[in-house]
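Ligands are counted one by one from 1 in listed order, and the atoms in each one are counted from 1 as well. Bear in mind the structure is a predicted one, so any value in this text is a computation, not a measurement.
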Amino acid sequence: MAAGRAAPEVARTEAALRERLGAWRRGGARIGLVPTMGAIHAGHLSLVDLARARAQRVCATIFVNPRQFGPSEDFAAYPREEESDLAKFAARGVDLVFAPEPAEMYPQGFATSVTVAGLGEALEGASRPGFFTGVATVVTKLLILAAPDVAVFGEKDYQQLLLIRRLVADLSLSVEIVGAPTVREADGLACSSRNAYLSGAERARAPALFRTLRAASREIVSGRPAAEATIWGRESLVEAGFARVDYFEARDAATLAPLAAGWRYGGSAARLLAAATIGRTRLIDNVAVEP
Ligand code: PAF
């Protein structure tokens with residue numbers, strides 16, 4: 001454990017979480033929530049910093065949510081490193097960690113899910129059926145349970161961030177959602193728990209995802225039609241050694257709706273988003289289309 005910082009208290013049950021947060025709230029503290037699936041890296045810690053700047057008490061969650069993994073995805077292999085996660089949270093000043101077992105979150109008979117139509121169906125939603133319903137269900141539950149004043153999510157999962165903003169507005173949840181800029185390694189690769197799956201050779205090729213997104217964004221800003229730049233982006237990723245490109249698309253930055261045919265920079269704000277597989281690892285990233 002890092003010197004000078006007490007280990008955060010760990011709540012394993014909904015009752016323990018409610019009791020601790022309720023006491024802090026009654027004492028007048030603003031509560032910040034940072035939901036994670038663990039395997040904590042610099043990106044997660046930047047979310048903690050943003051929560052700490054906006055709240056007196058910070059609660060992080062560690063829950064590898066089975067409902068957001070498809071049958072052929074990496075639920076079993078997903079890294080579980082609770083001890084080192086707690087040490088990292090302690091060093092960053094997290095006050096409480098909620099780390100429930102699946103049966104605590106989804107007890108026998110659990111039958112409710114939250115689906116965000118439209119936004120949840122494109123891009124990641126099209127490539128990973130059921131993924132966003134799993135995310136929306138667990139995030140709704142965490143927001144109801146913790147009732148935070150503010151919750152922080154990374155822009156690396158840009159579509160997820162928009163979807164969470166949508167469900168919070170639609171369900172009238174009283175929480176401020178803050179988006180945190182993507183934290184990157186020195187070579188541009190976005191921090192992700194799944195980077196741990198990459199072999200040495202794959203890791204060396206992986207930064208091409210961000211480089212290609214940035215290059216396509218520059219092309220669009222200099223006048224190239226978005227449709228042409230995204231075709232170039234897909235081809236470039238394949239040339240860079242990505243085995244499969246699920247999507248490389250420019251979308252409306254606020255709604256993720258497809259851009260009009262022939263769209264060029266200067267219209268509505270746009271975002272470039274990509275998902276591609278290198279070896280057996282699927283990586284996602286996105287950039288704003290701006291100078
Ligand atoms: O982004 C993640 O780590 C997860 O999708 C989240 C928001 C913690 C829900 O399980």
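Using a 4.0 Å cut-off between heavy atoms, T61 makes no contact with ligand 1 at all.
Taking the six-membered ring for Trp and the full ring otherwise, F69 and F131 have centroids separated by 6.0 Å or more.
At a threshold of 4.0 Å, the pair R218-E290 does not count as salt-bridged, since none of the basic side-chain nitrogens sits closer than that to a carboxylate oxygen.
Taking every heavy atom of Q68 and a limit of under 4.0 angstrom, the matching atoms of ligand 1 come to 4 (C), 5 (O), 9 (C), 10 (O). The atoms of ligand 1 that sit less than 4.0 Å from any heavy atom of V138 are 9 (C), 10 (O).
Note that R280 lies outside the cation-pi zone of Y197, set by a 6.0 Å cut-off to the ring centre and a 45° limit from the axis.
For the pair Q160 and ligand 1, the shortest N or O to N or O distance falls below 3.5 Å.
No donor-acceptor pair under 3.5 Å is formed between the side chain of T115 and the backbone N or O of A117.
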